[in-house]
Amino acid sequence: MKKVLVLFAALLFGTVAFAADPGGIDEKLIRSFNNSFPKAEQVNWYEMPKMYVVNFVENGIRGRIEYRKDGKSTQYTRYYTAEQLPFVVQNSIRKAHPNKTIYGVIEVSTVTEPGNLSKVDYYVKMQDARYWTTVKADIDGNLRIAERYRKQ
């Protein structure tokens, strides 16, 4: 029994240590992330050939950031429910699709190079009795249907 407990403890410790260690990622980048997201939990770093990706949860909202190898962020994605949508977007969607229920939201902020401006798009997944619909919205509440699938 003692051997099983020791083995379990070693596996648990190894898993936690592996998940928490960002490996060869620049310490300055990790510090910058920690300063920007001090309440981040469940932080996992991944190194890709051309970028670093960090997945985390902050205030109950899942997030994902892509950083170029030079440390500049290129895209920030958040996954949440209708309550966190900006009022203008929420109001536009409810007016345009009054009989649909919002299932979830994917917010994608993309950083553009000239002037480091950010473009924000909201992909709102909705459903009714017959269809799953994804509406793409911008911060001004302009909408367009991105995809629509018939339920089986």
Side-chain angles (χ1 to χ4, degrees), residues 12 14-152:
L12 181 64
T15 303
V16 170
F18 179 74
D21 181 21
I25 298 170
D26 184 19
E27 192 64 37
K28 186 177 174 183
L29 179 60
I30 295 170
R31 225 175 307 121
S32 173
F33 171 82
N34 289 335
N35 288 336
S36 297
F37 301 95
K39 296 180 182 179
E41 300 172 335
Q42 301 174 27
V43 178
N44 291 303
W45 287 87
Y46 303 95
E47 184 173 2
M48 307 298 217
K50 294 184 180 182
M51 73 178 85
Y52 299 112
V53 176
V54 60
N55 293 313
F56 60 98
V57 175
E58 185 179 50
N59 299 323
I61 298 174
R62 286 187 320 128
R64 178 178 195 261
I65 301 177
E66 295 177 2
Y67 292 99
R68 293 190 320 219
K69 289 288 183 162
D70 65 4
K72 294 183 181 176
S73 63
T74 60
Q75 191 173 69
Y76 175 42
T77 307
R78 298 183 340 141
Y79 306 88
Y80 51 81
T81 59
E83 292 77 28
Q84 285 84 27
L85 264 173
F87 176 76
V88 172
V89 177
Q90 204 176 96
N91 194 39
S92 294
I93 288 173
R94 295 203 192 280
K95 282 182 181 177
H97 304 279
N99 298 324
K100 295 192 184 306
T101 304
I102 296 177
Y103 182 77
V105 179
I106 301 173
E107 175 187 309
V108 180
S109 300
T110 306
V111 178
T112 57
E113 281 307 310
N116 288 330
L117 300 174
S118 186
K119 177 183 176 230
V120 180
D121 291 313
Y122 302 91
Y123 295 88
V124 182
K125 182 68 78 174
M126 300 180 298
Q127 66 176 329
D128 60 17
R130 295 178 56 198
Y131 295 99
W132 282 101
T133 305
T134 302
V135 172
K136 181 180 178 182
D138 63 21
I139 194 68
D140 297 322
N142 299 313
L143 309 174
R144 76 171 180 80
I145 294 179
E147 60 185 13
R148 185 173 173 182
Y149 299 104
R150 182 181 301 271
K151 288 183 174 181
Q152 295 296 329

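Numbers for residues simply follow the sequence, beginning at 1. Computed from a predicted structure; not experimentally measured.
Between Pro86 and Ile139, the shortest heavy-atom contact is CG-CD1, 4.1 Å. Summarising the geometry of Asp128 relative to Lys151, their closest heavy-atom pair is O-NZ, 2.9 Å, with the distance given to 0.1 Å. Nearest heavy-atom pair, Ala137 versus Val89, reported as atom, atom and distance to 0.1 Å: CB-CG1, 3.8 Å. Looking at every heavy atom in both residues, Ser109 comes nearest to Val120 through OG-CG2, 3.5 Å. Considering every non-hydrogen atom in both Gly71 and Leu29, the closest pair reads O-CD1, 3.7 Å. Here the shortest heavy-atom pairing between Lys136 and Lys119 reads NZ-NZ, 4.4 Å.
Checking Asp121, Val124, Thr77 one by one against Ile106, the side-chain contact (heavy atoms from CB on, under 4.5 Å) holds for a single residue, Thr77.
Rounded to the nearest 0.5 angstrom, Lys100 NZ and Arg130 CZ are separated by 9.5 Å. Remark: Tyr103 OH to Thr81 OG1 distance equals 12.0 Å, nearest 0.5 Å. For the atom pair Tyr67 OH and Met48 CE, the distance stands at 15.0 Å (nearest 0.5 Å). Arg148 CZ to Thr134 OG1: the interatomic distance, rounded to the nearest 0.5 Å, is 11.5 Å. Distance check, rounded to the nearest 0.5 Å: CG of Leu143 to CD1 of Ile93 gives 5.5 Å. For the atom pair CD1 of Ile25 and NZ of Lys69, the computed distance is 8.0 Å after rounding to the nearest 0.5 Å.
Considering only heavy atoms from C-beta on, Val135 comes within 4.5 Å of His97 through its side chain. At a threshold of 4.5 Å between non-hydrogen side-chain atoms, the residues Phe33 and Ile30 do not count as touching. Annotation: side chain of Phe37 is not in contact with side chain of Val43 (no heavy-atom distance under 4.5 Å).
Looking at Gln90, its side chain does come within 3.5 Å of a backbone N or O of Ala82 through a donor-acceptor pair.
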Could you give the side-chain donor-acceptor pairs of residues 52-64 under 3.5 Å, partners two or more places apart or in another chain?
| residue | atom | partner | partner atom | Å |
| --- | --- | --- | --- | --- |
| Arg64 | NH1 | Glu66 | OE2 | 2.6 |

Output, in order, the C-alpha distance, side-chain angles, deciding distance and verdict of side chain to side chain contact (heavy atoms under 4.5 Å, CB included) for Tyr123 and Lys125.
CA-CA 6 Å; Tyr123 295 88; Lys125 182 68 78 174; over 6 Å; no
Test salt bridge (Lys or Arg N to Asp or Glu O under 4.0 Å) on Lys28 and Asp26 and set out the steps.
CA-CA 5 Å; Lys28 186 177 174 183; Asp26 184 19; over 6 Å; no
Using side chain to side chain contact (heavy atoms under 4.5 Å, CB included), reason through Val111 and Lys72 one step at a time and then give a plain yes or no.
CA-CA 9 Å; Val111 178; Lys72 294 183 181 176; over 6 Å; no
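The environment of Lys50 atom NZ is sparse: at most 12 non-hydrogen atoms of other residues, nucleotides or ligands sit within 6.0 angstrom. Few gaps surround OH on Tyr131; more than 12 heavy atoms of other groups in view lie less than 6.0 Å from it.
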